[in-house]
Enquirer: 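Starting off with a structure, shown below.
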Amino acid sequence: MIENRSGESRRGVIGKAWIVMGVVAVAEAFWIVVDFLRPRRAHALDDADVVVAGPIDRFEPGSVTAFPAGKFYLVRLEDGGFLALARECTHLGCTVPWSPAENQFVCPCHSSVFDIHGEVLEQPAPRALDHYAVRIENGIVKVDISRPHRRQ
């Protein structure tokens, strides 16, 4: 049997290495289970979750403005209200562009059509476009993109 300088056999060193790796694997498995079972903290509103769209005056009534970074469209309705619509089609998740000539959102993948409010005009989309919460603070429009509100 071959021994190293400290007098320990190769088989003994390999055996100890397997024991160490086994202990590490058990510790990792324990950590994963504990992390999975631990309750999550409430999601705090982060600055990264709020997109500052700009002053109210920047948006004309009846206009649609794309915000690629936030993946939404900000719609200024004719009555002066705001609506933030997700850019993903509810059919298969394609990016739905705004068509100003048709005054509609038209999905290039499967031809779903949505009106300016995000409602389905032509299928195969099963439901209206999701939307985000919009708030106005001191004349500035802000959109909370932390989670979309699923519409039926």
Side-chain angles (χ1 to χ4, degrees), residues 13-152:
V13 171
I14 291 174
K16 288 180 182 177
W18 275 108
I19 291 172
V20 169
M21 288 188 297
V23 169
V24 169
V26 169
E28 286 180 342
F30 179 75
W31 181 17
I32 290 169
V33 169
V34 168
D35 191 46
F36 178 76
L37 295 175
R38 185 179 50 208
R40 299 281 173 217
R41 285 179 258 154
H43 179 69
L45 196 60
D46 192 3
D47 288 340
D49 294 336
V50 175
V51 175
V52 178
I56 294 173
D57 301 340
R58 176 178 165 206
F59 307 99
E60 295 294 323
S63 67
V64 177
T65 306
F67 284 84
K71 298 183 181 178
F72 69 92
Y73 291 104
L74 186 63
V75 178
R76 176 82 188 261
L77 303 171
E78 291 294 336
D79 65 2
F82 286 92
L83 186 62
L85 297 173
R87 295 174 50 161
E88 286 188 359
C89 180
T90 55
H91 177 231
L92 291 176
C94 301
T95 298
V96 181
W98 170 250
S99 174
E102 299 172 14
N103 206 28
Q104 299 173 333
F105 296 97
V106 181
C107 181
C109 301
H110 302 102
S111 302
S112 294
V113 178
F114 305 89
D115 67 7
I116 196 166
H117 296 96
E119 299 295 331
V120 178
L121 297 177
E122 293 181 30
Q123 294 182 341
R127 58 187 175 79
L129 294 174
D130 296 335
H131 65 92
Y132 298 101
V134 178
R135 66 179 190 259
I136 299 173
E137 295 176 354
N138 299 322
I140 304 295
V141 181
K142 297 181 179 183
V143 180
D144 176 7
I145 60 170
S146 61
R147 67 168 204 219
H149 299 281
R150 184 181 168 109
R151 293 166 62 178
Q152 298 300 321

Enquirer: As an exercise, state the distance from OG1 of T65 to CG of L74, rounded to the nearest 0.5 Å.
Expert: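 Nearest 0.5 Å value for the OG1-CG distance: 6.0 Å.
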Enquirer: Identify the two heavy atoms, one from G118 and one from F114, that lie closest to each other, and give their separation to 0.1 Å.
Expert: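 For G118 versus F114, the nearest heavy atoms are O-CD2, 3.4 Å.
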Enquirer: Once you measure the plane-to-plane angle for Y73 and F105, does it fall in the parallel (<30°), tilted (30-60°) or perpendicular (>60°) bin?
Expert: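 The arrangement is tilted - the two ring planes meet at 30° to 60°.
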Enquirer: For the CD atom of E122 and the CD atom of Q104, what is their distance to the nearest 0.5 Å?
Expert: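 Spacing of CD (E122) from CD (Q104) equals 7.0 Å.
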Enquirer: Taking side chain as C-beta onward, heavy atoms only, is V96 less than 4.5 Å from R87?
Expert: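 No. Closest side-chain heavy atoms not under 4.5 Å.
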Enquirer: Do D144 and D49 come within less than 4.5 Å of each other through their side chains, counting heavy atoms only?
Expert: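 Yes - at least one pair of side-chain heavy atoms lies under 4.5 Å apart.
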Enquirer: So, for A125 and C89, which heavy atoms are closest and what is the spacing to 0.1 Å?
Expert: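 The pair with the smallest heavy-atom distance is CB-SG, 4.3 Å.
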Enquirer: Taking the side chain as C-beta and beyond, is there a heavy-atom pair between V75 and H117 under 4.5 Å?
Expert: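 Result no, sub-4.5 Å side-chain heavy-atom pair not found.
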Enquirer: Heavy atoms, side chains only, cut-off 4.5 Å: are Y132 and V51 in contact?
Expert: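 No, their side chains stay 4.5 Å or more apart.
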Enquirer: Is any NZ, NE, NH1 or NH2 atom of the basic residue among E88 and K71 found under 4.0 Å from an Asp or Glu carboxylate oxygen of the other?
Expert: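 Salt bridge absent between E88 and K71.
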Enquirer: About how many Å separate CG of D130 and CZ of R151, when rounded to the nearest 0.5 Å?
Expert: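 It is 8.0 Å, given to the nearest 0.5 Å.
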Enquirer: Check the angle between the aromatic planes of F59 and F67 and answer parallel, tilted or perpendicular using the 30° and 60° thresholds.
Expert: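 Tilted.
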Enquirer: Taking all non-hydrogen atoms of both residues, which atom of S63 and which atom of E60 are closest, and how far apart?
Expert: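 Of all heavy-atom pairs spanning S63 and E60, the closest is OG-O, 2.6 Å.
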Enquirer: Heavy-atom distance under 4.5 Å between the side chains of I56 and R76, does that happen here?
Expert: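 The answer is yes; the side chains approach within 4.5 Å.
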Enquirer: Atom CG of D57 and atom CD1 of I140: how far apart are they, to the nearest 0.5 Å?
Expert: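 Nearest 0.5 Å value for the CG-CD1 distance: 9.0 Å.
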Enquirer: Less than 4.5 Å apart, any side-chain heavy atom of H91 and any of V120?
Expert: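 Side-chain contact under 4.5 Å: no.
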Enquirer: Quick one: closest heavy-atom pair of T90 and R127, and the distance?
Expert: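 Taking T90 first and R127 second, the nearest heavy atoms are OG1-O, 2.6 Å.
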Enquirer: Is the CG atom of D79 crowded by more than 12 outside heavy atoms at less than 6.0 Å?
Expert: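 Correct, the count exceeds 12.
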Enquirer: Using every non-hydrogen atom in the two residues, find where V134 and L83 come nearest and quote the distance to one decimal.
Expert: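 Taking every non-hydrogen atom into account, CG2-C, 4.3 Å.
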Enquirer: Taking all non-hydrogen atoms of both residues into account, name the closest pair between G62 and E78 and its distance.
Expert: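 What the structure gives for the nearest pair is CA-OE2, 3.2 Å.
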Enquirer: Could you tell me the separation between the CD1 atom of I116 and the CG atom of L129, rounded to the nearest 0.5 Å?
Expert: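 One finds 12.0 Å between CD1 of I116 and CG of L129.
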Enquirer: Check whether any side-chain heavy atom of W98 lies under 4.5 Å from a side-chain heavy atom of N103, and answer yes or no.
Expert: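 Of all side-chain heavy-atom pairs linking N103 with W98, at least one is under 4.5 Å.
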Enquirer: Can you measure from NE2 (H131) to CZ (R150) and round to the nearest 0.5 angstrom?
Expert: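 Result: 12.0 Å between the selected atoms.
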Enquirer: Are V50 and R135 close enough that some pair of their side-chain heavy atoms sits under 4.5 Å apart?
Expert: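 In contact.
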